[in-house]
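Everything quoted here is computed from the prediction, not taken from an experiment.
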Amino acid sequence: MDPDTTARADGQLDRPRYSIGEVAERSGLSRDTLRWYEKIGLMGYIGRDRTGNRRFSDRDLEWLALITRLRLTGMPVADMLRYAELVRAGEQTFPQRLAMFRQTRSDVLDKIAELQQTVAVLDYKIARYEGRSDIDRPATLSAYTSEECDA
């Protein structure tokens with residue numbers, strides 16, 4: 001088997017085929033970010049072509065999609081690095097990975113609740129500026145007087 005080819009879980013071959021520019025376009029990440037992810041160890045081995053240029057595989061694209069989502073959760077890069085280390089360590093790290101994802105999910109749900117409260121405040125303010133009185137004042141504003149909130 002070609003040294004730059006790995007077998008996927010489904011038995012298919014995963015050949016490096018995408019240039020860094022193609023991966024940047026597909027992932028929405030900059031070339032510099034891709035290089036940095038590789039440098040810090042967030043990306044596993046990235047294949048190279050005969051001229052030394054990086055060649056990414058479909059598996060690399062899947063990994064980038066995952067870490068991009070993790071980044072959107074607010075997960076620190078240090079935690080993503082820890083996750084990458086656990087993945088490379090093998091199946092025996094499933095319990096640690098599960099714990100990480102459960103904590104991240106809980107953090108995301110907390111952020112969603114906070115954003116919902118923020119939307120309620122914005123809706124209230126929009127209604128006030130439109131001269132409407134059909135919307136109740138959000139509980140998150142109850143500690144302030146009308147003048148403080150309408151400033």
Side-chain angles (χ1 to χ4, degrees), residues 1-127 135-144 148-149 151:
M1 184 185 301
D2 180 340
D4 289 333
T5 302
T6 58
R8 298 186 326 207
D10 62 7
Q12 298 294 313
L13 297 180
D14 193 23
R15 296 184 187 280
R17 64 181 119 208
Y18 306 107
S19 70
I20 194 168
E22 291 170 317
V23 172
E25 187 174 319
R26 286 174 182 247
S27 68
L29 299 169
S30 71
R31 293 172 187 218
D32 288 337
T33 297
L34 293 168
R35 288 183 193 103
W36 182 65
Y37 281 177
E38 181 185 12
K39 180 180 178 180
I40 66 172
L42 193 51
M43 297 290 300
Y45 171 77
I46 301 297
R48 303 281 177 155
D49 64 16
R50 290 183 182 95
T51 61
N53 293 316
R54 290 171 180 85
R55 303 305 287 181
F56 295 81
S57 67
D58 288 330
R59 189 176 194 171
D60 296 325
L61 290 173
E62 290 170 10
W63 178 257
L64 287 168
L66 172 64
I67 60 176
T68 298
R69 289 287 174 195
L70 294 177
R71 194 74 182 122
L72 286 173
T73 70
M75 181 182 277
V77 172
D79 289 349
M80 292 191 302
L81 282 168
R82 175 73 181 131
Y83 175 72
E85 291 168 2
L86 291 170
V87 169
R88 287 191 280 270
E91 290 182 13
Q92 70 272 16
T93 65
F94 278 5
Q96 294 98 323
R97 292 189 249 171
L98 176 60
M100 286 184 80
F101 280 128
R102 282 185 172 155
Q103 182 60 55
T104 300
R105 183 179 189 280
S106 175
D107 294 345
V108 168
L109 290 173
D110 289 345
K111 286 180 188 175
I112 289 170
E114 185 177 334
L115 287 171
Q116 288 172 330
Q117 291 174 355
T118 301
V119 168
V121 169
L122 293 172
D123 287 345
Y124 173 76
K125 295 303 285 182
I126 289 168
I135 190 165
D136 291 331
R137 181 185 186 93
T140 55
L141 289 178
S142 63
Y144 303 100
E148 290 170 329
C149 287

A.B. asks: Run the side-chain contact (heavy atoms from CB on, under 4.5 Å) check on V23 and D60 step by step: do they pass?
C.D. replies: CA-CA 9 Å; V23 172; D60 296 325; over 6 Å; no
A.B. asks: E38 and I46: which non-hydrogen atoms are nearest, and at how many Å?
C.D. replies: OE2-CB, 3.6 Å
A.B. asks: To the closest 0.5 Å, what do you measure between OG1 (T93) and CG (L98)?
C.D. replies: 11.0 Å
A.B. asks: Does any donor atom in the side chain of D32 or S30 lie under 3.5 Å from an acceptor atom in the other side chain?
C.D. replies: no
A.B. asks: Quick one: do R59 and E62 satisfy salt bridge (Lys or Arg N to Asp or Glu O under 4.0 Å)? Show the steps, please.
C.D. replies: CA-CA 5 Å; R59 189 176 194 171; E62 290 170 10; over 6 Å; no
A.B. asks: Evaluate Y83 against T104 for side-chain contact (heavy atoms from CB on, under 4.5 Å), listing each step before the verdict.
C.D. replies: CA-CA 12 Å; Y83 175 72; T104 300; over 6 Å; no
A.B. asks: Say whether D136 and Y124, considering side chains only, have a donor N or O and an acceptor N or O under 3.5 Å apart.
C.D. replies: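 No.
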A.B. asks: Is it the case that over 12 heavy atoms from other parts of the model lie below 6.0 angstrom from the CZ atom of R35?
C.D. replies: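 Atom CZ in R35 is crowded, with more than 12 foreign heavy atoms closer than 6.0 Å.
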A.B. asks: Any ion pair linking E114 and K111 (charged N to carboxylate O, less than 4.0 Å)?
C.D. replies: no
A.B. asks: Taking the side chain from T68 and the backbone from L64, do they hold a donor-acceptor pair closer than 3.5 Å?
C.D. replies: yes
A.B. asks: Taking all heavy atoms of G41 and all of L81, pick out the closest pair and write down the distance.
C.D. replies: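 Taking G41 first and L81 second, the nearest heavy atoms are C-CD2, 3.8 Å.
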A.B. asks: Could you check whether any side-chain heavy atom of V77 comes within less than 4.5 Å of a side-chain heavy atom of W36, counting everything from C-beta outward?
C.D. replies: yes
A.B. asks: Should Y18 and D58 count as side-chain neighbours, where that means a heavy-atom distance under 4.5 Å?
C.D. replies: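 SC-SC contact between Y18 and D58 confirmed.
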A.B. asks: Start with the C-alpha gap between Y45 and W63, add the side-chain angles, then the distance that decides, and say whether ring pair (Phe, Tyr, Trp, His ring centres under 6.0 Å) holds.
C.D. replies: CA-CA 12 Å; Y45 171 77; W63 178 257; over 10 Å; no
A.B. asks: Enter the distance from I67:CD1 to L29:CG here, rounded to the nearest 0.5 Å.
C.D. replies: 7.0 Å
A.B. asks: For the CZ atom of F56 and the CE atom of M43, what is their distance to the nearest 0.5 Å?
C.D. replies: 5.5 Å
A.B. asks: Testing the basics here: between R54 and I20, what is the closest heavy-atom pair and its distance to 0.1 Å?
C.D. replies: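 Heavy-atom minimum between the residues: CD-CD1, 4.0 Å.
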A.B. asks: First locate atom CD of Q92, then atom CZ of R97, and finally report the distance between them rounded to the nearest 0.5 Å.
C.D. replies: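 Here the rounded value is 8.0 Å.
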A.B. asks: Keeping the roles fixed (side chain from S19, backbone from E22), state whether a donor-acceptor pair exists under 3.5 Å.
C.D. replies: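 A pair under 3.5 Å: yes.
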A.B. asks: What are the two closest heavy atoms between L70 and M80, and how far apart are they?
C.D. replies: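 Nearest pair, atom of L70 first, then M80: CB-SD, 3.8 Å.
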A.B. asks: Within a reach of under 6.0 Å around CZ of R102, are more than 12 heavy atoms found that belong to other residues, nucleotides or ligands?
C.D. replies: no
A.B. asks: If you take all heavy atoms of P138 and A120, which pair is closest and at what distance?
C.D. replies: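 Closest heavy-atom pair between P138 and A120: CG-O, 3.5 Å.
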A.B. asks: Would you find a donor on one side and an acceptor on the other, under 3.5 Å apart, between the side chain of R55 and the backbone of R17?
C.D. replies: yes
A.B. asks: State, to 0.1 Å, how close I135 and A127 come at their nearest heavy-atom pair, and which atoms those are.
C.D. replies: CG2-CB, 3.1 Å
